[in-house]
Amino acid sequence: MNQPIELPKTYNPSEFEDRIYQNWCEKGYFTPDVTNNAEHFSVVIPPPNVTGQLHMGHALDETLQDILVRYKRMQGYNTLWVPGTDHAGIATQIKVEERLRVEEGLTRYDLGREKFLERVWQWKDKYEARITGQLKKLGASCDWTRQRFTFDEGCSKAVREVFVNLYEKGLIYRGNRIINWCPHCITALSDAEVEYSEQSGFFWHIRYPVKGSADEYVEVATTRPETMFGDTAVAVNPNDAEHAHLIGKTLILPMVGREIPVIADEYVEIGFGTGCVKITPAHDPNDFLVGQRHGLPIIKVLNDDATVNAYGGKYEGMDRYEARRALVADLEAEGYLVKTVPHTHNVGTCYRCHTTVEPITSDQWFVKMEPLAKPALEVVRDGRVKFEPERFSKIYINWMENVHDWCISRQLWWGHRIPAFYCRSCGEMTVSRDDITVCPKCGSNKMEQDSDVLDTWFSSALWPFSTLGWPEKTVDLAKYYPTSVLVTGYDIIFFWVARMIFSGLEQTGKEPFHTVFIHGLVRDAQGRKMSKSLGNGIDPLEVIEQYGADALRFALSTGNSPGNDMRFSDEKMEAARNFANKLWNAARFVRMNLTIEKVKLPASSELAAEDRWILSEYNKTVKSVVSALDNFEVGVALSAIYDFTWDIFCDWYIELTKSRLAEKGTGENLAAQNVLCYVLTGILKLLHPFMPFITEEIYQALPHDSQEESIMISSYPSEDQGLDYPVESLQISRVIAAIKAIRMRRNEMNVLPSRKAKVYLETKYPDSFGTATHPFFCRLASASEVIVSDHFTPDIISADDAVQIITDSATVYLPLSDLVDTEKERARLTAEEERLVSEISRVNAKLANESFVAKAPAAVVEAERTKLARYTENLDGVRTALAKLK
RNA sequence: GGAGGUAUAGCUCAGUUGGUUAGAGUGCUUGCUUGACAUGCAAGAGGUCACUGGUUCGAACCCAGUUAUCUCCACCA
């Protein structure tokens with residue numbers, strides 16, 4: 001890559017993106033030097049699930065990370081970005097089972113645990129490779145030598161270590177509690193894994209006969225009548241006058257015949273529903289608590305697949321909904337059904353398969369959350385972990401304050417086995433870091449490991465330190481932990497971010513990262529969530545193929561502010577691609593005018609005014625880009641680069657250099673070349689974190705320091721006050737304003753650019769309009785000649801000979817009188833007069849306000865005064881012009 | 001029930017601690033084969049910054065309330 005290369009005529013990203021990425025890899029630029037003592041900047045990737053391929057949301061997430069990582073790397077930080085993937089327990093298992101069913105008509109039970117897991121590993125290898133390839137296409141500068149997987153050996157070791165640690169501290173326990181059960185996935189779920197969706201159903205009002213009383217009934221209402229097989233009481237509020245007399249009586253469960261008591265519990269709300277609540281401790285979280293308070297028996301009536309068990313009597317074997325229908329029909333036939341009321345309610349569903357979950361009591365493993373939540377709340381409250389944007393810390397705190405114990409066992413095969421071993425001889429349970437073959441209590445060798453696996457989020461919770469080698473005391477861990485920033489979407493704050501924070505604190509004593517940078521969702525052009533069922537998902541690879549990775553990255557990182565959702569559309573991609581094309585062509589222009597082989601900024605005395613101006617503008621841009629990036633304002637930073645590149649560098653500076661470039665071999669020509677190259681290289685560096693490929697490709701085509709053989713290891717620009725030239729900045733902006741004013745007038749009058757005209761410039765600032773600036777007027781404002789004076793006598797500028805244009809620093813006369821429509825001109829000038837009068841009265845009012853003058857900062861007041869003077873002057877000019885028209 | 005986001009040009013969105021005449025992209029109108037670029041150049045039209053009140057010399061921005069809309073959390077049988 002040392003030889004500058006010519007730039008082809010058209011911007012064709014597919015031609016160089018892969019080549020460049022490969023070169024970076026070969027050079028090892030992504031792998032940091034651990035012996036480098038510079039301050040570290042480290043990031044772990046939110047590991048994509050090996051369930052499939054990356055979608056637009058991932059592309060956004062990876063782009064933002066790569067921008068930060070490349071920025072910090074160029075700034076000289078010892079920078080590490082750890083890549084990897086997540087085994088995604090339940091999600092992956094479902095996918096593999098589904099494929100097994102469709103392709104071979106088999107279930108996982110047909111294959112058996114071992115053979116099934118082999119299939120999952122094959123699946124993992126395939127999709128991990130696919131994801132890795134996509135990350136590379138995107139340009140992600142991760143250190144592939146450190147690639148990890150949540151279920152690899154090291155991570156598995158960390159998982160066991162954490163499990164045993166927590167168990168030994170009493171923070172992991174096993175218990176029979178009510179949990180969310182997915183009858184399709186046949187496993188327990190944590191609270192976070194349940195999604196609620198509104199569904200229409202019914203309230204069935206049912207009469208339960210009172211024992212020993214021929215015509216006395218208690219009426220209860222339920223949305224899930226089939227759970228009555230498991231009722232072990234009916235509760236009323238002890239203060240409910242209407243129902244208090246029932247307390248202590250015995251009821252007979254219809255269709256079942258079992259006797260249950262009426263109990264008193266304040267959980268029942270007086271006046272809501274019928275005032276009597278059937279209590280099913282095995283199938284409702286609230287009823288479970290009531291049951292505990294009253295020592296009620298727990299009768300579980302559903303099997304793991306949500307069919308009714310023997311407690312359902314004649315309904316045994318029926319699916320829950322089938323049983324519900326049959327039971328309701330029978331209740332009605334027997335006269336127990338009072339009424340059926342339509343009712344919409346929120347029903348919990350499995351976040352992976354969307355089957356309605358059943359609350360069920362079950363033996364599961366739990367993490368005790370209260371002691372872990374406390375420090376996790378503190379680090380966010382005291383700012384050791386900062387959310388960016390800040391508002392997400394409220395969401396986090398709210399969740400963490402109300403968190404319940406975490407159910408971590410899953411009845412799946414794909415995942416980390418729970419390291420609990422049961423002795424079949426004496427029944428002893430042993431939890432251990434290493435596999436146990438001999439019972440430590442009785443010495444029996446009949447040991448059996450718990451068949452359950454851990455929640456997939458248990459291993460992701462350890463990701464920031466397990467990937468760096470923990471629990472070993474590795475160099476990486478010492479060097480790069482705690483990590484610097486975590487970049488992720490707001491949708492997994494609870495699943496992942498929260499759990500990483502308390503796990504990191506508990507296991508390592510340190511917060512796992514200092515900043516959580518939250519982004520929103522990528523939606524489709526209509527603002528809908530991209531989803532498989534809608535078929536509106538867009539494949540990042542296809543977009544890259546069509547527009548290039550740089551354009552995709554540009555589109556994803558501009559035009560939206562942190563934490564907000566964004567829409568993705570073809571129009572955005574086109575705009576991004578157009579910008580890349582613009583930059584490409586600007587570079588081609590610079591390249592084709594180049595005779596120098598080394599860039600050196602000329603001494604200030606050799607610089608033209610426009611050179612000093614562009615350097616000042618460039619320096620301002622550097623300043624604002626750096627400050628925006630330091631504040632995670634990625635979009636703001638990028639638009640500053642965009643505006644500078646297009647509106648200032650291309651539209652003005654390049655145009656202003658053309659006359660000098662045409663004269664080869666002069667000192668002026670060399671100065672222009674050097675400044676063009678200097679500023680263009682600066683643009684490339686500023687832009688590199690956002691658009692790594694095109695910037696590298698162009699960089700290689702320009703002269704550059706051999707110490708900085710690749711732009712990605714070059715140093716990021718920093719503010720340089722030596723580049724500020726306030727005087728020339730002002731002068732050139734006057735010239736630009738005059739050129740714009742002339743263009744505007746000519747355009748209004750429909751004068752073709754080909755028709756040249758003399759430009760008479762009457763100005764108090766002749767220094768700003770020196771002869772060196774005259775070619776600018778010729779080239780950009782169709783001037784044939786420029787005459788500058790501080791005052792033109794009427795014989796030079798006669799009243800009917802010229803169009804008059806008033807700018808803030810000059811009055812311009814254009815001899816185009818034959819083109820002037822006097823009426824239109826008068827209307828225009830009158831409108832201008834009105835505008836100025838109104839502005840002047842506004843400013844006057846402001847300045848007449850004593851408290852404004854007294855309280856506003858002096859600079860603001862001064863600015864108003866200047867404005868007033870300028871307006872007044874302009875108004876004079878306009879009125880003079882109007883007078884001349886008559 | 002609780003919490004939060006959003007409301008700015010026809011459309012999609014920026015607007016950094018309150019301070020010139022509120023910006024960009026796109027679309028629209030007009031003109032241009034300008035020696036890098038028509039994926040372009042030049043010019044233009046287009047806004048009651050949702051509404052009401054308050055704070056302030058000064059509000060798109062801060063505060064309170066209202067309306068609309070989206071999201072998250074909790075979830076009464």
So [X], base contact, sugar-phosphate only, or nothing? Heavy-atom distance under 4.0 Å.
| X | result |
| --- | --- |
| A:V268 | base |
| A:R842 | sugar-phosphate |
| A:R835 | base |
| A:I493 | nothing |
| A:E839 | sugar-phosphate |
| A:M592 | sugar-phosphate |
| A:C650 | base |
| A:G559 | sugar-phosphate |
| A:N402 | nothing |
| A:A863 | nothing |
| A:S639 | nothing |

Once the angle between the rings of [X] and [Y] is folded into 0 to 90°, is it parallel (under 30°), tilted (30 to 60°) or perpendicular (over 60°)?
| X | Y | value |
| --- | --- | --- |
| A:H205 | A:F203 | perpendicular |
| A:F494 | A:W399 | parallel |
| A:F387 | A:Y396 | tilted |
| A:W646 | A:F579 | parallel |
| A:F495 | A:Y351 | parallel |

Check whether any side-chain N or O of [X] sits under 4.0 Å from OP1 or OP2 of [N], and answer yes or no.
| X | N | result |
| --- | --- | --- |
| A:S569 | B:U12 | no |
| A:K582 | B:C41 | yes |
| A:K846 | B:U20 | no |
| A:R567 | B:U12 | yes |
| A:N286 | B:C76 | yes |
| A:R743 | B:A43 | yes |

Can you tell me whether the side chain of A:E633 and the base of B:A14 have a donor-acceptor pair closer than 3.5 Å?
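Counting by modelled atom types and ignoring angles, no donor-acceptor contact under 3.5 Å is found here.
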Classify the side chain of A:N398 versus the base of B:C73 as yes if they form a donor-acceptor pair under 3.5 Å and no if they do not.
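Per atom types, no contact qualifies.
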Identify, between A:F579 and A:D647, the residue whose nearest nucleotide on RNA chain B lies closer to the 5' end.
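Nearest nucleotide further toward 5': that of A:D647.
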Let me know, please, whether A:R224 or A:P753 comes out on the 5' side of the other along RNA chain B by nearest nucleotide.
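It is A:P753 whose nearest nucleotide is closer to the 5' end.
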For atom [atom1] of [X] and atom [atom2] of [N], their distance in whole Å:
| X | N | atom1 | atom2 | value |
| --- | --- | --- | --- | --- |
| A:N346 | B:G1 | CG | C1' | 12 Å |
| A:E571 | B:A24 | CD | C1' | 16 Å |
| A:W496 | B:C72 | CH2 | C1' | 20 Å |
| A:M573 | B:U26 | CE | P | 14 Å |
| A:I736 | B:A43 | CD1 | P | 11 Å |
| A:Y547 | B:U39 | OH | P | 13 Å |
| A:F852 | B:G18 | CZ | C1' | 13 Å |
| A:L752 | B:U33 | CG | C1' | 14 Å |

Nucleotide nearest [X] when distance is taken to its side chain, options [options]:
| X | options | result |
| --- | --- | --- |
| A:N578 | B:U26, B:A14, B:A77 | B:U26 |
| A:D651 | B:A36, B:A42, B:G19 | B:A42 |
| A:K572 | B:G25, B:U12, B:G19 | B:U12 |
| A:N747 | B:U21, B:A43, B:G25 | B:A43 |
| A:F494 | B:A36, B:C73, B:A77 | B:C73 |
| A:W646 | B:C41, B:U26, B:G5 | B:C41 |
| A:M744 | B:A36, B:G25, B:G44 | B:G44 |
| A:Y871 | B:G31, B:U20, B:C75 | B:U20 |
| A:V277 | B:C75, B:A77, B:C57 | B:A77 |
| A:K855 | B:U30, B:C57, B:A74 | B:C57 |

Just by distance, do the side chain of A:D565 and the backbone of A:G520 share a donor-acceptor pair under 3.5 Å?
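A pair under 3.5 Å: no.
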[atom1] gap between [N] and [M], integer Å:
| N | M | atom1 | value |
| --- | --- | --- | --- |
| B:A50 | B:U33 | C1' | 48 Å |
| B:A9 | B:A64 | C1' | 29 Å |
| B:U6 | B:A38 | P | 41 Å |
| B:A59 | B:G53 | C1' | 13 Å |
| B:C13 | B:A74 | C1' | 34 Å |
| B:G54 | B:U69 | C1' | 26 Å |
| B:A36 | B:C41 | C1' | 12 Å |
| B:C57 | B:G10 | C1' | 38 Å |

Determine if A:W399 stacks with B:C73; use a centre-to-centre distance below 5.5 Å and an interplanar angle below 30° as the criteria.
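No; centroid distance or tilt outside limits.
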Quick one: does A:T657's side chain get under 4.5 Å of A:V675's, heavy atoms only?
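The answer is no, as the side chains (C-beta and beyond) never meet within the 4.5 Å cut-off.
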Worked check of salt bridge (charged side-chain N to carboxylate O under 4.0 Å, His left out) between A:R591 and A:E697:
CA-CA 12 Å; A:R591 185 76 186 74; A:E697 184 72 355; over 6 Å; no
Whom does [N] pair with, Watson-Crick or G-U wobble, provided both distances fall under 3.5 Å?
| N | value |
| --- | --- |
| B:U48 | none |
| B:G40 | B:C32 |
| B:U6 | B:A68 |

Mark yes when over 12 heavy atoms from residues, nucleotides or ligands other than A:K756 sit less than 6.0 Å from its NZ; otherwise mark no.
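Yes - once you tally the heavy atoms of other residues, nucleotides and ligands closer than 6.0 Å, there are more than 12.
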Reference residue A:Y653; test side chain to side chain contact (heavy atoms under 4.5 Å, CB included); the match among A:I648, A:I614, A:V679
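One option only clears the test, and that one is A:I614.
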